Amino acid sequence: MGVISNILTGFGIALSPINLLVCLVGTALGTIIGVLPGIGPMAGCALLLPLTFGMNPTTAIIMMAGIYYGAMYGGSTTSILIKVPGEVSSVVTMIDGSQMAKQGRAGAALATAAIGSFIAGTVSTIGLMCLAQPMADLALKFGPAEYFALMALGLTMVSSLAGGSVLKAIISALFGLILATVGIDLQSGIPRYAFNVPSLLNGIEFLILAIGLFAVAEVLVNAGRPAGSERRLETFQGKWWTKDEKLWMTMEEWRRSLGPWWRGTVLGFFVGLLPGAASTLASFVSYDVEKKLSKTPERFGNGMIEGVAGPEAANNSAVGGGMIPLLTLGLPVSGTTAVMLGAFVMYGLQPGPLLFRTNPDFVWAVIASMYIGNLLLVVQNLPLVGLFAKILDLPYAILFPLVLVFCVFGVYCMSGSVFDLWMMVLFGVMGYFMQKHDFPGVPMILALVLGREMEQAFRQSLTLSNGSLLIFVTRPMSLLLLILAAGSVGLTVMGLKKVLITDGKE
Amino acid sequence: MADRIISIILIVFSALYIAATLQLPEPVQTGAVGPRGFPLLLGMALVVASLALFFKPSRTKTAPADAANTRTVFLVAVTIMGYVLVLRFTGLVISTFLFLSTVLLIWNRGKPVLNVSIALVSALVVYGLIRTLQVSLPQGLLALP
């Protein structure tokens, strides 16, 4: 019973005092970050990553996973309470959740979201646990051509599912790949585009791009919003909940939530496996499904609890699903998993099938900590959610400058280089313009993280084939992946896929 | 339209990138593809994509920029750059204080006492964090953390 013994070992490590503490801190911080408007799980992970320096890799990644989950919970909270989605995947929750709040059922909405998220997170982690080893074994059969094709698939799917213009997403991805070529070329030792700047010789650090493009840019975008336009708590009578409303869900609400919870979990898990899809798509699809399955679809949008339970389960389940390609193939499927991949690499761990062989303790400890994280979040969130949301009482004018200080602090602590700070600012300005002109940022960060690997895979493949490009199409697996990649772009361009509006923050 | 301008900028960028790539030395034997190969592919792909953007700019109208708000963004951006500049001289703690005071002045007008207190408290928190986390930061020219 390999899986069981592995996971027990994992729990052994994850339950050590320091790891538990870190998980707790991570989930709490993540929730706070998730509550902040605009700063989603990805920027949150990027911002908090410098805090993990000096920790051993396992502990650091446990904290990051905690932050990721926490940010998802935090985002749901703001969606329900103030009708502002904390991050993109909570947009759907906002539709019915805020209506429920208006009707005095804020407590129930929050509870169904929290419980649904917990169930989903736990179940999807079980799925991860069971599928991880077999997938890793499968991936060991991949050669460089397959890896290249797989990464190309990842990038094209992220581009085509990003919502908005596929062309702009592709341009974004190409730019990210170009950024990845800066630095010393590993195969020939030649410095590329470094212009004798020491910081650039090691390549552009993904964290700087992530913090600049998402956090700093967010600060700038908000600077442009007229003062006072931020939302205030829209709960009825201006209080959290009135004294005589029940905080919890009624029996009826429990009953109605069960189906959506399970459906959302399964749906979200599979959607989360797909690159580019991630939590946002999962929650939209779940909402759609619930509406179609409901006996009263016309009441959706007016506070149907199914419209909160399903999507919330789905978006958390997608997190677990998304960890699978990351851990087993080294393929990130979303902005946040890209940041986590970068974090792994920073700690000298190469995610992928080999990781299961060389560092099994690490992998299973991370998986175990995901369970623990889920549990901690439910425990924290139900009573504390009000406290976290209080942060939103701070006017943006104070909040965002503080966020910026945090960015500078983080980057400066990490690299000690003023040049890196300038790059962060540059990326921030670039990110501002990108947001204004609908260029999504997620493909860029994904491309930066994958770029080196992609180039290596490309060059190795061509070396194997003595320069013939046919290698990519003569090997069956590689051909299949490339067809899927072309297909995903093609279908979207032809408008056959439902194009979602995300703002590229995930 | 804005998209067209952006595509032109991108084309210029790609041209520069390709030019820089062509200046890279091509060592004798590094497998089938040398250090130039992938970048050249990328550069060309970007040119193609940018041309596509030029000929098919987005229809959606980006909301007309409000002059006053854009000015705020510009000022905040400049302040951030100032922050980084000053950082070298006075170290993180003091520059944080200066930055926050300035940016809050721009963004959170009319509450000078509140703003300065926030700036002060934050700078102190930063100092505290530096001490507790024992982060080693380069010293400013005035030998402050």
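What you see is a predicted model, and the numbers here were worked out from it, not measured in a lab. Below, chain A is the first sequence line, B the second, and so on; all start at residue 1.
- Between A/L402 and B/L100, the closest side-chain pair of non-hydrogen atoms falls below 4.5 Å.
- Residues of residues 37-46 of chain B lying under 4.5 angstrom from chain A, judged on non-hydrogen atoms, are B/F38, B/P39, B/L41, B/L42, B/A45, B/L46 in numerical order.
- The stretch residues 15-22 of chain B places B/Y17, B/A20, B/T21 near chain A, each with some heavy atom under 4.5 Å from a heavy atom of that chain.
- A 4.5 Å side-chain heavy-atom check between B/V103 and A/L404 finds every atom pair outside the cut-off.
- No part of A/F406 comes within reach of chain B, as not one of its non-hydrogen atoms sits under 4.5 angstrom from that chain.
- Of residues 171-178 of chain A, those residues lying under 4.5 Å from chain B by any heavy-atom pair are A/I171, A/L174, A/F175, A/L177, A/I178.
- Between A/L220 atom CG and B/T70 atom OG1 the span is 12.0 Å, to the nearest 0.5 Å.
- Contacts between B/Y83 and chain A at a heavy-atom distance below 4.5 Å involve the side chain alone, from C-beta outward.
- Between A/L167 and B/A49, the shortest heavy-atom contact is CD1-O, 3.9 Å.
- Considering only heavy-atom pairs separated by less than 4.5 Å from chain A, the leading option among B/L75, B/I6, B/T96, B/T79 is B/I6.
- For A/D185, the salt bridge (charged side-chain N to carboxylate O under 4.0 Å, His left out) partners at least two apart in sequence or on another chain are A/R459.
- Ranked by heavy-atom pairs under 4.5 Å with chain B, the list A/V425, A/L464, A/V221, A/V405 is led by A/V405.
- The shortest side-chain heavy-atom distance between A/F400 and B/V76 does not fall under the 4.5 Å cut-off.
- Between the CZ atom in B/R36 and the OG1 atom in A/T181 there is a gap of 14.0 Å [rounded to 0.5 Å].
- Residue with the most contacts toward chain B among A/F433, A/F458, A/W422: A/W422 (heavy-atom pairs, distance under 4.5 Å).
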